[in-house]
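As structure tokens, the structure follows; a few thoughts come after it.
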There are 2 protein chains.
Amino acid sequence: MYERKILENLDCGVNVANKIVGGKWRACIIDSISRGISRPSGIQREIPEAPARVIQMHLRELEALQVIRKETSGGFPLKTEYFLTDFGRSVLPLIAAMDAWGNANKAFVQEMSAAMTEEALNAPS
Amino acid sequence: MYERKILENLDCGVNVANKIVGGKWRACIIDSISRGISRPSGIQREIPEAPARVIQMHLRELEALQVIRKETSGGFPLKTEYFLTDFGRSVLPLIAAMDAWGNANKAFVQEMSAAMTEEALNAPS
DNA sequence: ACAATAACGGAAAAAAGATTCGGTAGGGAT
DNA sequence: ATCCCTACCGAATCTTTTTTCCGTTATTGT
């Protein structure tokens, strides 16, 4: 696991929340599991743009943070399943709130974002 | 401004939200301005752990994204003020939700986080 | 024996983000 | 004259996160 050089600050609530749902694919992974997509291969099929390695690493970390719980049946075909813990379920409303706000303001942010890159291109100075 | 190499994906609401409130100091800066701390120097005094340069850059970006609006009175002592736009005010409930969830689960996350680093130290393989 | 699938992880590179260092500029106070 | 304050920005560097590449193990189907 990666060893931090700068001590992370978990005093502020926002930072605590970002620790769980921040990152490029975190919320997607949690959302998939909440929708009953429990196996790693299924999650990968659900989010094909995310590299398998990244999903694997996030699953490890979310398990360590007790957001999800792992269940392995050694049988065949080699079955691993992940489920949300109670704690994990408690983030769902937050993810829903972020998703709702984001979707409501998607067009505006996309527009501003596009304007920013155009501005950068048209002002080579 | 920084030029992305990988196209950012603003299709998903969560990513749109993270574009505005993600990042180490974004929410803190927006929160400060919402509390009436309008000048850069004031914001820096409010968040002394954040380097001045970082705050400056975020202010630029938040302005470009129209989350905040800038007002300059050329007079003296060289006064610049930032205010939330209507759009900016619309993120406040989201930041409040993140902060509330984070504060409610702070102790648990801190505990899990500590357990993770200890685990890493005690298992040198 | 050989491919296919599932789960997983090491290592290094790439990308993104944060930080430090230094510099600009205008004016005020001593 | 010299130092301080305010606002600001370029560039290099460091840290963190994401990605790519390539392995391992185990079992099933052909």
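We use all heavy atoms of the structure for the numbers below, so side chains are in, but hydrogens, waters and symmetry mates are not. We name chains A, B, ... by the order of the sequence lines, and we start the count at 1 in each one.
Comparing A/I6 and A/R45, the nucleotide of DNA chain C nearest to each residue sits closer to the 5' end for A/R45.
Listed nucleotides: D/dT16, D/dA7, D/dT19. Nearest to the side chain of A/V54: D/dT19. The side chain of B/R60 lies closest to D/dC8, out of D/dT19, D/dC8, C/dA6. Out of C/dA6, C/dA7, C/dT19, the shortest distance to the side chain of A/T80 is found at C/dA7. Residue B/R4 has its side chain nearest to C/dA16 when only C/dA7, C/dA16, D/dT6 are considered. Picking from C/dA18, C/dC21, D/dT6 the nucleotide with the shortest atom distance to the side chain of B/R53 gives C/dC21. Looking at the side chain of B/Q56, the nearest of the listed nucleotides D/dC8, C/dA7, D/dT19 is D/dC8. Relative to the side chain of A/K5, the nucleotides D/dT6, D/dT18, D/dT16 differ in distance, and D/dT16 lies closest. The side chain of A/K70 lies closest to C/dC8, out of C/dT19, D/dT6, C/dC8. Distances from the side chain of B/P51 to the nucleotides D/dT20, D/dT15, C/dT20 place C/dT20 closest. Across D/dA7, D/dT17, C/dA6, the shortest atom-to-atom separation from the side chain of A/Y2 is found for D/dT17.
Of the side-chain N and O atoms in A/S41, one or more sit less than 4.0 angstrom from OP1 or OP2 of C/dA7. Side-chain nitrogen and oxygen atoms of A/K79 include none within less than 4.0 Å of the OP1 or OP2 phosphate oxygen of D/dT27. For C/dG17, the OP1/OP2 oxygens have no side-chain nitrogen or oxygen of B/W25 closer than 4.0 Å. Between B/H58 and C/dG17 there is no side-chain polar atom (N or O) within less than 4.0 angstrom of OP1 or OP2. Phosphate contact (OP1/OP2 of C/dA7, side-chain N/O of A/Y82, threshold under 4.0 Å): absent.
One interatomic measurement links the two molecules: CD of B/Q44 to P of D/dC9, which rounds to 13 Å at whole-angstrom precision. Atoms CG (A/N15) and P (D/dT16) sit 14 Å apart, rounded to a whole Å. Remark: P of D/dA12 and CE of B/M57 are 14 Å apart, rounded to the nearest angstrom. Atom pair B/E81:CD and D/dA7:C1' shows a separation of 13 Å (rounding to whole Å applied). For the pair B/E63 CD and D/dA7 P, the interatomic distance rounds to 14 Å; values are reported in whole Å. Between B/I55 atom CD1 and D/dA7 atom C1' the separation is 13 Å, expressed in whole Å. Rounded to a whole Å, the CG atom of B/N18 is 11 Å from the P atom of C/dG17. Atom CD of B/E49 is separated from atom C1' of C/dT20 by 17 Å (rounded to the nearest Å).
Minimum interatomic distance between A/N9 and B/E49 (heavy atoms only, all atoms of both residues): ND2-OE2, 4.4 Å.
Contact annotation: the side chain of A/I33 never approaches that of A/I37 to less than 4.5 Å [non-hydrogen atoms, C-beta and beyond].
Here the CD1 atom belonging to A/I30 is positioned 12.5 Å from the CZ atom belonging to A/R35, to the nearest 0.5 angstrom.
In terms of the ring-ring contact (aromatic ring centres under 6.0 Å, His included) criterion, residue partners of B/F108 (sequence neighbours excluded) are, by chain and number, A/F87.
A/E81 and A/K70 are not joined by a salt bridge, as no carboxylate oxygen comes within less than 4.0 angstrom of a charged side-chain nitrogen. Contact check on A/R69 versus A/E71 returns a salt bridge, with a Lys/Arg side-chain nitrogen under 4.0 Å from an Asp/Glu carboxylate oxygen.
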